[in-house]
Amino acid sequence: MEKQSKIFVAGHRGMVGSSIVRKLKAEGYTNLVLRSSSELDLRDQAQVRNFFSAEKPEYVFLAAAKVGGILANNIYRADFLYENLMIESNVIHQSYVHKVKKLLFLGSSCIYPKLAPQPLEEKSLLSGYLEETNEPYAIAKIAGIKLCENYRRQYGCDFISAMPTNLYGPNDNYDLQTSHVIPALLRKFIEAKENNSKSVVVWGTGAPLREFMHVDDLAEACFFLMHHYSENEFVNVGTGKEISIKDLAVLIGKLVGYNGTVEFDTTKPDGTPRKLMNVNRILGLGWKPVISLEAGLKRVIEEKPLKTSI
Ligand code: GDP
């Protein structure tokens, strides 16, 4: 990838895409092709075909997706499956048709079977049943991996896939119904502090274990993989460290400066009990994350994501 190469970052307004754009700009890449979803509907085959014919990007970061937390995944099941399948099929196929030099597809750690051995190794893909709440999203992301693998096998396309762990950072979604746990808890604790509320409600039992990575670490990994990795196998991207939802709530409460109590709403789902990535493959390639959970959360809080006084 040269500094003048034409690079399409699909999903540049999202948390991942915007972080990749910041990284590319910081590295001096100037020829970025960016389209908002109102300018280019990636679910629409004709629009994507016309876009690729007109722009002919040389490199593609496929960070566009319909994403959401445990509740949204479970409620909008058809939308998560259909929209993600369409986006991936359209962008990956047109990248093949228009001879894109390299494409990086972004998936998710939820592609792994619910009961796969932990930490999750890349080889566990398709070795068992998926977690029920996010099965549609996972099926779509698995299809994306398989598209990349098979366009490489059949047509020799240099298409690679990275599977990030749970992410947080700038441009996250803070809507309590559709967000992931970190933005949800940041919002709940910040607002509870401002309103002097006695307690904060955390969904589930607090027992599930999750791994979290700041999105700027993921953007570094994507940049690294785009330069140094061209294999058929997809690559996990994570920190290799996990924390319980209860401890996460305590940590966020401490960082926000909240002094009340935490209640658990066990009518809400826990989701998968544990989701920790084995990151040996990417460590072996020579990349590692640098932002600790505490440092990353502090950074996000300092950015005042809710535009409040805290
Ligand atoms: P998941 O990793 O796919 O399960 O997605 P989430 O980030 O939405 O949820 C992770 C865990 O955090 C689950 O066990 C949730 O039940 C728990 N959790 C606790 N409080 C919240 C909350 O306010 N919002 C969300 N989304 N999850 C929460």
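As the structure lists them, so they are numbered: ligands from 1, and atoms in each ligand from 1. Counting from 1, the numbers follow the sequence of the chain as shown. Any value given below was found using the heavy atoms of this structure, including those in side chains, with hydrogens, waters and symmetry copies removed.
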Would you call D217-K288 a salt bridge at under 4.0 Å N-O? no

Using distance alone, determine whether G271 and ligand 1 share an N or O pair under 3.5 Å. no

Short version for N166: what comes under 4.0 Å of ligand 1, heavy atoms counted, is side chain

Taking heavy atoms and a distance under 4.0 Å, where does V181 meet ligand 1: side chain, backbone, both or neither? both

Under 4.0 Å, heavy atoms only, figure out whether ligand 1 is touched by the backbone of N134, its side chain, both or neither. side chain

Stepwise ring pair (Phe, Tyr, Trp, His ring centres under 6.0 Å) check, Y168 with H180: CA-CA 9 Å; Y168 64 95; H180 283 103; over 10 Å; no

Please write down residue, atom name and distance for the protein heavy atom closest to atom 8 (O) of ligand 1. I70 N, 2.9 Å

Nearest to atom 20 (N) of ligand 1, what protein heavy atom do you find, and at what distance? W203 N, 2.9 Å

Salt bridge K275-E211, side-chain N to carboxylate O under 4.0 Å: no

Side chains of K102 and S230: any donor to acceptor distance under 3.5 Å? yes

Pair F51, F8 - check ring pair (Phe, Tyr, Trp, His ring centres under 6.0 Å), show working. CA-CA 11 Å; F51 166 77; F8 174 40; 4.6 Å; yes

Atoms of ligand 1 close to D270 [distance to a heavy atom under 4.0 angstrom, numbered from 1]: 13 (C), 14 (O)

Between S5 and N31, is there a side-chain donor-acceptor contact under 3.5 Å, judged purely by atom types and distance? no

So for ligand 1, is V201 a polar contact partner (N or O within less than 3.5 Å, distance only)? no

Tell me the contacting part of K268 for ligand 1: side chain, backbone, both, or neither, using a 4.0 Å heavy-atom threshold, strictly below. neither

Give the numbers and elements of all ligand 1 atoms closer than 4.0 Å to a heavy atom of P269. 15 (C), 16 (O)

Evaluating non-hydrogen atoms only, which member of P273, A184, S179, A138 is closest to atom 26 (N) of ligand 1? S179

In terms of atom number and element, which parts of ligand 1 are under 4.0 angstrom from non-hydrogen atoms of I245? 11 (C), 12 (O), 19 (C)

Could you tell me whether E191 and R187 have a side-chain N and a carboxylate O separated by less than 4.0 Å? yes

With atoms numbered from 1 as shown, which atoms in ligand 1 lie under 4.0 angstrom from a non-hydrogen atom of V202? 19 (C), 20 (N)

Residue selection (non-hydrogen contact nearest atom 3 (O) of ligand 1) among H180, E131, K275: K275

S19 versus D216, side-chain donor and acceptor atoms under 3.5 Å: yes

Heavy-atom proximity to atom 2 (O) of ligand 1, picking from K246, R210, E211, points to R210

Can you find a side-chain donor-acceptor pair between S18 and N171 that sits under 3.5 Å? yes

K193 charged N/C atom sitting above Y258 aromatic ring, 6.0 Å / 45°: no

Find all atoms of ligand 1 within a distance of less than 4.0 Å from any non-hydrogen atom belonging to K188, and give their numbers and elements. 22 (C), 23 (O)

Please identify which atoms of ligand 1 are closer than 4.0 Å to at least one heavy atom of P208. 14 (O)

Using a strict 4.0 Å cut-off to heavy atoms of G69, name the atoms of ligand 1 that fall inside it. 8 (O)

Heavy-atom contacts under 4.0 Å between A249 and ligand 1: side chain, backbone, both, or neither? neither

Cationic tip of K23 above F223 ring, under 6.0 Å, 45° of axis: yes

For residues S197 and N195, is any side-chain donor paired with an opposing acceptor at under 3.5 Å? no

